[in-house]
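Here is the structure we will look at.
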Protein chains: 2
Amino acid sequence: MVSAPRWLAALTTALGLPENKGQIMYQLASVDANGNPHVRTVGHRGFVEPEGSPNLPLLMSATDIRTPKVAQLLANSTVEIVWWLSGSMEQFRLSGVVRLVPPPEAQLPSPITKVSSLAIDKLDAQGFEWEKKRVEAYDGQPPFLRAGFARPPPGNIIESYDIGKSWPGAVPKFADAQNEEEKHAYERGLHSFALMYIEPVEVDWIQLKERPNRRTKFIRKGEDWAEYIAVP
Amino acid sequence: MVSAPRWLAALTTALGLPENKGQIMYQLASVDANGNPHVRTVGHRGFVEPEGSPNLPLLMSATDIRTPKVAQLLANSTVEIVWWLSGSMEQFRLSGVVRLVPPPEAQLPSPITKVSSLAIDKLDAQGFEWEKKRVEAYDGQPPFLRAGFARPPPGNIIESYDIGKSWPGAVPKFADAQNEEEKHAYERGLHSFALMYIEPVEVDWIQLKERPNRRTKFIRKGEDWAEYIAVP
């Protein structure tokens, strides 16, 4: 009988602490074509696991296919996340690979090569409905977040901040759209919205409120997680 | 007459806001010898600038020479920082190079090649006392932080969390040491303590509390900073 890794229990516990309320942002590091590092804050959108495999959790987040990180992830799917929970003074570092789920019709900066890894392969084998989940995630977010995907390409140079006033500040779900403009904005956003499934294979957990400080490393070996205590 | 870049004023303003109180941690991304990304939380230890060059600010932070990031930075000095200020919902991403200042006697994982860049070179030319600043920074930190550098090598596997109880929880300054053990701990830490001077050449500032959201990019060109408004 497999069970969830202890790092996931620790992370879930930390996220539930009142002193960490609202800390659902983490930093995702990737590498560009020149071999240089990049890192940005992304919002956590939940955990996923293959059916019957709580030992193989993934983290889900979203991105816009027009951002530079998409080209980076297509070229090198290895990423590292750092999640600093300032309330409880805990740091989780998770390294692994990311499966990008772009809109099926998207024109990507480079051809998509399907990332293969234990949990991702299991989801594939189980007929996980990647595209359906993508649309659900797009629909499930608040209108102001959805609006972020209906703007011109992120990073494009504009003349003034005021140009942003012509973009929708909120984009309702398709069913709630009041006019053609809102329907178009909904569709436009859906064509840019991608999910990222991050499959960690190594986790480094540091607890700085503990005296003495604690550090625990988890390394996936086959389907199991080996656990080590380390010097912080 | 040169002046400080507007991103530094924005960052300093953000750091001074009551809603961002205590948010002096940022995430530093680097790349390992295999070309994979790594990222961890580090503590901000202040800004530095060459004399007469407020336009060329650097960020200072500290590390232990025995951590994997030191080998990474020696092999590839290009880094990116992300500083997420949750109170004001602002993100600053700074990319640039890092000059590592290890203890002069340190045995490093690879030979140190002096990073050359505009601000770092000016500091060199002005006779900036890198080693003196390193000792000052080591002395200037609270005893519990200094203790972190007097432990066995970070990341080493240990038998149990309790082994940490044998390490000093606080290491006073040399002048305040009460006995030989504290003096040794002070010296041990000083032999592991390194400074990192990060010289940004590009900065990406996102303001998510503004409606519409704002994004501003700053790119250093020669000694000047070009500024662009961009789609968030």
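In what follows, chains carry the letters A, B, and so on, assigned in the order in which the sequence lines appear, proteins first and then strands, with residues in each chain numbered from 1. Reckoned from all heavy atoms, side chains included, excluding hydrogens, waters and symmetry mates.
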_Heavy-atom donor-acceptor pair, A/Q91 side chain to A/W84 backbone, under 3.5 Å_ =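 Side chain of A/Q91 to backbone of A/W84, a donor-acceptor pair under 3.5 Å: no, none is there.
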
What part of [X] is in contact with chain A, defined as an atom under 4.5 angstrom from a non-hydrogen atom: side chain, backbone, both or neither?
X	answer
B/T78	both
B/R93	side chain
B/P37	both
B/S95	neither
B/E210	neither
B/N76	side chain

May I ask you to say whether [X] pairs ionically with [Y], meaning some side-chain N is under 4.0 Å from a carboxylate O?
X	Y	value
B/R220	B/E199	yes
B/K221	B/D224	no
A/E227	A/R6	yes

*Name of the residue among B/W7, B/F218, B/W205 meeting ring-ring contact (aromatic ring centres under 6.0 Å, His included) with B/W225*: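 Among B/W7, B/F218, B/W205, the one meeting ring-ring contact (aromatic ring centres under 6.0 Å, His included) with B/W225 is B/W7.
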
*Applying ring-ring contact (aromatic ring centres under 6.0 Å, His included), name anything that partners B/Y161, two or more places apart in sequence or on another chain.*
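ring-ring contact (aromatic ring centres under 6.0 Å, His included) check on B/Y161 returns nothing, list empty.
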
*So is B/R146 actually on top of B/Y186's ring, under 6.0 Å and inside 45° of the axis?*
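Negative - B/R146 is either too far from the ring of B/Y186 or too far off its axis.
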
*Could you have a look at B/K165, B/R214, B/R211 and say which one has the most heavy-atom pairs with chain A under 4.5 angstrom?*
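Option with the top pair count is B/R214.
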
*In terms of heavy-atom pairs under 4.5 Å, which option from B/N34, B/V79, B/V82 contacts chain A the most?*
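Top option by heavy-atom pairs under 4.5 Å: B/V82.
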
*For chain B, which residues from residues 14-28 of chain A lie under 4.5 Å away (heavy-atom distances)?*
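Interface residues of residues 14-28 of chain A: A/M25, A/Q27.
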
*Is chain B contacted by the side chain of A/I81, its backbone, both, or neither, given a heavy-atom distance below 4.5 Å?*
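Just its backbone gets close to chain B.
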
*asked:* What's the separation between atom CG in A/D204 and atom CD in A/E80, rounded to the nearest 0.5 Å?
replied: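 Reported to 0.5 Å precision, the distance equals 8.0 Å.
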
*Are any non-hydrogen side-chain atoms of B/L74 and B/L108 less than 4.5 angstrom apart?*
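Side chain of B/L74 against side chain of B/L108, heavy atoms only: contact under 4.5 Å found.
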
*Heavy atoms only, distances under 4.5 angstrom: which of A/P232, A/G164, A/A147, A/S160 has the most pairs with chain B? Name it, please.*
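Heavy-atom pair counts peak at A/P232.
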
_Closest approach of A/P102 to A/A194 (non-hydrogen atoms, all atoms of both residues)_ =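 Minimum heavy-atom contact is CA-CB, 3.9 Å.
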
_Over 12 non-hydrogen atoms of neighbours within 6.0 angstrom of CD in B/E187_ =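 Correct, the count exceeds 12.
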
